[in-house]
**Student:** 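I have a structure here, written as structure tokens, and I will follow up with some questions on it.
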Amino acid sequence: MRKKVIAGNWKMNHSPKDTRNYFAEFNDLVKDSEHEIILCVPYIDVAAALESTHDTNIKIGTQNLNHQVAGALTGDVSVKMLEDIGIKYSIIGHSERRQFHHETDDYVNLKIKSAFDHEIVPILCVGETLYERELGIAKEKIIIQIRKDLEGLPAKFAEQMIIAYEPIWAIGTGKTASTEDANEACKLIRDEIRKMYNDDVADKIRILYGGSVKPTNAQELFNLEDIDGGLVGGASLTPKDFADIVNFDK
Ligand code: 13P
């Protein structure tokens with residue numbers, strides 16, 4: 001039985017002060033949850049978030065990392081810096097980074113391998129645009145991303161991965177993929193992992209759905225066979241809403 005993962009992605013929202021206030025309310029609301037709860041916060045909030053969640057069941061992750069240990073890379077934060085302060089998760093290859101920062105699958109692949117070298121579990125994001133969906137090539141797009149992003153990754157790492165299927169047309173739009181489509185895409189990813197690796201890896205890997213997840217649709221989505229939880233943007237910004245999503249089964 002795979003443990004459900006409920007991850008929040010604050011994107012570029014909340015200051016360190018907001019972060020402290022957030023966890024002052026949130027921690028108590030989810031203290032009885034048995035799911036893996038992860039909040040991926042902006043770099044500037046990491047210290048406040050780690051401090052505010054010390055000794056709780058909440059894990060803190062980042063939204064990106066630089067795969068190099070150190071160097072002349074103005075504005076970047078290295079994988080080693082994150083390791084040193086105890087970060088265990090990072091989103092990698094979010095569609096907003098692919099779109100606005102031109103991150104390619106080759107680059108995403110480097111980041112995934114480097115994250116594992118530094119004991120950070122990647123939360124890899126994949127998904128099709130509306131244009132690709134309308135052209136009928138959504139499945140091909142997802143399979144190409146999975147194959148390229150995980151190329152050369154040993155099975156012992158692949159089985160620990162978290163992959164989020166996030167159809168780009170559903171992000172921040174209020175539109176959610178139908179439960180059938182969401183489950184079908186997550187199953188497609190699991191089947192591809194089975195082909196690339198084996199049954200064991202495919203059965204262990206956690207595959208999430210992301211894109212306009214809300215307290216009102218979380219239960220229906222997360223109870224589907226191939227969906228192991230969610231990656232939540234907008235609705236993770238409010239402690240009560242995100243707690244309701246974490247507690248979808250209560
Ligand atoms: P929304 O939940 O705001 O649609 O964002 C989804 C997302 O991009 C999470 O990474």
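Heavy atoms only: backbone and side chains are in, while hydrogens, waters and symmetry mates are out. Given the structure is predicted, the values throughout are model-derived calculations rather than measurements. All ligand and atom numbering here is 1-based and tracks the order in the structure.
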**Student:** Return yes when Gly172 approaches ligand 1 closer than 4.0 angstrom through a heavy atom, no otherwise.
**Tutor:**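 The answer is yes: ligand 1 sits under 4.0 Å from a heavy atom of Gly172.
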
**Student:** With respect to atom 10 (O) of ligand 1, which of His94, Gln63, Lys11 exhibits the smallest heavy-atom separation?
**Tutor:**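 Ranked by closest heavy atom to atom 10 (O) of ligand 1, first place is His94.
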
**Student:** Do His94 side-chain atoms and Glu96 backbone N/O form a donor-acceptor pair below 3.5 Å?
**Tutor:**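 Checked: pair present.
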
**Student:** Could you tell me, atom by atom, which parts of ligand 1 come under 4.0 Å of a heavy atom of Glu166?
**Tutor:**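 So the atoms of ligand 1 that pass are 6 (C), 7 (C), 8 (O), 9 (C), 10 (O).
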
**Student:** What part of Ala170 sits under 4.0 Å from ligand 1 if we count only heavy atoms: the side chain, the backbone, both or neither?
**Tutor:**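 Backbone only.
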
**Student:** Report yes if some N/O of Gly210 lies less than 3.5 Å from some N/O of ligand 1; otherwise report no.
**Tutor:**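 No, no N or O pair falls under 3.5 Å.
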
**Student:** At less than 4.0 angstrom from any non-hydrogen atom of Leu231, what atoms of ligand 1 do you find?
**Tutor:**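 Counting atoms of ligand 1 from 1, those under 4.0 Å from Leu231 are 9 (C), 10 (O).
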
**Student:** Using the ring of Tyr107 (Phe, Tyr or Trp, six-membered ring only), decide whether Lys111 places NZ or CZ under 6.0 Å from its centre and within 45 degrees of its axis.
**Tutor:**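 Output yes; distance and angle both within limits.
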
**Student:** By number and element, which atoms of ligand 1 are closer than 4.0 Å to a non-hydrogen atom of Asn9?
**Tutor:**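 Answer for ligand 1: 9 (C), 10 (O).
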
**Student:** Quick check on Ser212 - does any of its heavy atoms sit under 4.0 Å from an atom of ligand 1?
**Tutor:**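 Heavy atoms of Ser212 do come under 4.0 Å of ligand 1.
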
**Student:** Got Arg20 and Glu51 here, is their nearest side-chain heavy-atom distance under 4.5 Å?
**Tutor:**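 In contact.
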
**Student:** Do Lys88 and Val121 touch side chain to side chain, with heavy atoms closer than 4.5 Å?
**Tutor:**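 A side-chain contact is absent here, since even the closest heavy-atom pair is not under 4.5 Å.
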
**Student:** Answer yes if the ring centres of His35 and Phe248 are under 6.0 angstrom apart, and no otherwise.
**Tutor:**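 Yes, the ring centres sit under 6.0 Å apart.
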
**Student:** In this structure, would Tyr209 and Ile6 fall into the same cluster of hydrophobic residues linked by side-chain contacts under 4.5 Å?
**Tutor:**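 Linked, Tyr209 and Ile6 end up in one cluster.
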
**Student:** Linking I/L/V/M/F/W/Y whenever any side-chain heavy atoms sit under 4.5 Å apart, do Ile162 and Phe222 land together?
**Tutor:**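 No, it is not one cluster - the side chains of Ile162 and Phe222 are not joined through contacts under 4.5 Å.
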
**Student:** Specify side chain, backbone, both or neither for Ile171, according to which of its non-hydrogen atoms lie closer than 4.0 Å to ligand 1.
**Tutor:**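 Both backbone and side chain.
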
**Student:** May I ask whether Lys214 places a heavy atom under 4.0 Å from ligand 1?
**Tutor:**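 Heavy atoms of Lys214 never come under 4.0 Å of ligand 1.
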
**Student:** Got the closest protein heavy atom to atom 2 (O) of ligand 1, with its distance?
**Tutor:**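 Residue, atom and distance for the closest contact: Gly233 N, 2.9 Å.
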
**Student:** Can you check whether His14's main-chain N or O pairs, donor with acceptor, with Tyr22's side chain at less than 3.5 Å?
**Tutor:**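 Here the side-chain-to-backbone pair does not exist.
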
**Student:** Does an N or O from Gly234, backbone or side chain, lie closer than 3.5 Å to an N or O of ligand 1?
**Tutor:**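 Gly234 vs ligand 1: N/O contact under 3.5 Å present.
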
